[in-house]
Amino acid sequence: MFKRLPEADEATIEFHFDGQAYRAVAGDSLAAALLANGIGQFGRNAADNSPRGPHCMIGNCFDCLVLLADGRTAQACLTPVAAGMRVRPYDPATAGSPE
Amino acid sequence: MNATVDVELAVIGGGPAGLAAATLAAEGGASVLLLDEQASPGGQIYRNIEAVCDRRPAIAAALGDDYRGGLELVRAFRRSGAGYRPRASVWEIAGDGALAVVGDGGAEVLRARRLLVATGAAERPVPVPGWTLPGVMTVGAAQTLLKASGLAAGEAVIAGCGPLVLLFALQSIAVGAPPRAVLLSEGFGDYLRALPHLPRAVGSLDLLAKGWGWLRQLKSSGVEVVTGVSAVAARGGSAVDGVGFITGGGRRDIDAGLLLLHQGLVPNGHLLRAAGCAQEWDPAQACWRTRRNSWGATSRNDIAVAGDCAGIGGALAAAEAGRLSALDALYRLGHIGRAARNGRALPMAAALRRHLRPRPLLEALYRPPAEVLRPTAPDTVVCRCEGVRLAALTELRGLGVPGPNQAKAFSRCGMGPCQGRLCEATVGRLLSDEPPLAGRTPQTYTIRPPARPVTVGQVAALDGLAEPAGEVSGMLDR
Ligand SMILES: Cc1cc2nc3c(=O)[nH]c(=O)nc-3n(C[C@H](O)[C@H](O)[C@H](O)COP(=O)(O)OP(=O)(O)OC[C@H]3O[C@@H](n4cnc5c(N)ncnc54)[C@H](O)[C@@H]3O)c2cc1C
């Protein structure tokens, strides 16, 4: 799907998604960081449980939702990735509860 | 948490319109604060421009001269002395002009004597079967990833119409990641429809030549280009793995791990509507826009608009409209007199007219096909948030449900976190009278604050902001 161009492959930081460690470039949104690692499904839709991933990348569609370590819901396209961040797929059943 | 900043002019949006406006107003002596959702100035077209031009020259070259041309606008803004708050989302403009903002520091209320809304455009939603599958994105989304993070969309199938389709296909080729195929919905009929608009656009031949050049360049690149495409549908289980469509040659199917859709832009006017600024239906662009005069003044005395959020005009027009609004703000704030405002506005208004001249031609040429405005496949998801399909809405219509707000109550369409942004136009059309596209004004959802979903906790943390009235949709649980 998406491939990081060599020129943009700058100093990397580590973050976690669904318990696994991945690398990201400082300045990435969480959505870009996940897509760059080949992850296209970020969670499930709250109404019909269908698999979802980022669609618009400008904060309008809310299909890139993920859960942060404290249980808060975040739009991955508007949330910058940070070193050591722990993120989970959005799941309506566990949204709101911490890890 | 509730720090209150008082400025003369708050500008919402850091694209060409907002940047040009904030720069002119600050240079004219006003205290200005620009709030923008992105991490750096530039808006959609010039996203991340400082870092890309500075550190990623090959990507900057692939994005092209129109992209790099925005650097001067951003530099002038940085020099202007205007205040700047990146990563700040405005989610409500209260009746008294107070702004509710969520940013790095949490939620807060800001106050300004005048507001300029320059929130730009969003891509028109393209409801086709399978468009909620992971891996089905918009063309602008993929371009955003290229600008912001240097990600190339490998082997994508691109489907739709409009300049951004051609531009992004060429940009992808330039970074060494050509699309697998480009499926264009426009066909011969669109060219015929566009012909009468040609004379008015003749003053902008350079722009037209650019468009034709792009198409020629794409066709000679070796990438498969199919025209007159209809009935695009994504297939897949937990992610997209192919796309079906109909062409002159019959039904076809291509494997694809990434499907990028685009059918033009629509104004990002939610904030303005929620603030009570009067709206009007624009049949040529098939979208709602905020009613405003030539200074960008809206029906609300304290709010002006500029740029694509007031009607799609492109980046150059957005910057001129921003300057005009800023001049008017300087006048209304008492920094300049009426004669100075009017005199300085003349060349800007002329430039704005020039930039807008080719629009009717572009609108006729790249009008979204009827099947995009009003989907026909019953299993098409119309409301992505609530998973409401066309079949359910057709049933409501059969039961005599008169409009979108009533459909919302029966089906929950438009009730999710996107607050109807991705379905309201479609639902409005589906529930309006036959014939559906005969220039009628479709109905739409009533929008109430917040214009961006916020958590109950964030709302509770705000003092000094009137409670949103009535029914509130789009609240996240926490
Ligand atoms: C995804 C995308 C890609 C595009 N790429 C191109 C391109 O490559 N070339 C081209 O010619 N045109 C492109 N366009 C069209 C382009 O957007 C416009 O021509 C031009 O950028 C309009 O300028 P503007 O200042 O009106 O708005 P924009 O440039 O859209 O700027 C609006 C800004 O407001 C911010 N914003 C929106 N809502 C809020 C809020 N509630 N609170 C705070 N900030 C907010 C946005 O994040 C954005 O930074 C693109 C459009 C989109 C949607």
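Computed from a prediction, not measured in an experiment: that's the story for all the values here. A note on names: the letters A, B, ... follow the listed sequences, proteins ahead of strands, and every chain is numbered from 1.
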Q: Taking only Lys NZ, Arg NE, NH1 and NH2, and the carboxylate oxygens of Asp or Glu, determine whether A/E10 and B/R56 approach each other closer than 4.0 Å.
A: yes
Could you tell me which portion of [X] (side chain, backbone, both or neither) has an atom closer than 4.5 angstrom to a non-hydrogen atom of chain A?
X: B/A153; answer: both
X: B/R87; answer: side chain
X: B/A58; answer: both
X: B/S238; answer: both
X: B/P57; answer: both
X: B/E386; answer: both
X: B/Q143; answer: neither
X: B/A142; answer: both
X: B/L422; answer: side chain

Between [X] and [Y], which heavy-atom pair has the shortest distance, and what is it?
X: B/A122; Y: A/N60; result: CB-ND2, 3.2 Å
X: B/P134; Y: A/P51; result: CD-O, 3.4 Å
X: B/A141; Y: A/C56; result: CB-O, 3.5 Å

Q) So which of B/C385, B/A39, B/A51, B/S40 has the biggest tally of heavy-atom pairs under 4.5 Å with chain A? A)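 Greatest number of close heavy-atom pairs with chain A: B/C385.
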(Q) If you count heavy-atom pairs within less than 4.5 Å of chain A, which of B/V175, B/L145, B/V136 leads? (A)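 Of the options given, most contacts go to B/L145.
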Q: Can you measure from CG (A/L5) to CD1 (B/I59) and round to the nearest 0.5 angstrom?
A: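 Between atom CG of A/L5 and atom CD1 of B/I59 there are 4.5 Å.
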Q) Which value, rounded to the nearest 0.5 Å, describes the distance between B/L151 atom CG and A/K3 atom NZ? A) 10.5 Å
(Q) With a 4.5 angstrom heavy-atom cut-off, is it the side chain or the backbone of A/A46 that approaches chain B, or both, or neither? (A) neither
Q: Identify which part of A/P80 has an atom lying under 4.5 Å from any heavy atom of chain B, answering side chain, backbone, both or neither.
A: side chain
Is any side-chain heavy atom of [X] less than 4.5 Å from a side-chain heavy atom of [Y]?
X: B/M137; Y: A/D63; result: no
X: B/T132; Y: A/N45; result: no
X: B/R47; Y: A/I58; result: yes

Q. Hey, mind stepping through B/R384 and A/F62 against side-chain contact (heavy atoms from CB on, under 4.5 Å) and telling me if it holds?
A. CA-CA 9 Å; B/R384 296 173 64 98; A/F62 293 80; over 6 Å; no
Q. Checking side-chain contact (heavy atoms from CB on, under 4.5 Å) for the pair B/T138/A/M57: CA distance, chi angles, key distance, verdict?
A. CA-CA 8 Å; B/T138 66; A/M57 284 300 294; over 6 Å; no
Q) Between B/S149 and A/R4, is a side-chain contact (heavy atoms from CB on, under 4.5 Å) present by the stated rule, with each step listed? A) CA-CA 8 Å; B/S149 291; A/R4 183 93 61 182; 3.7 Å; yes
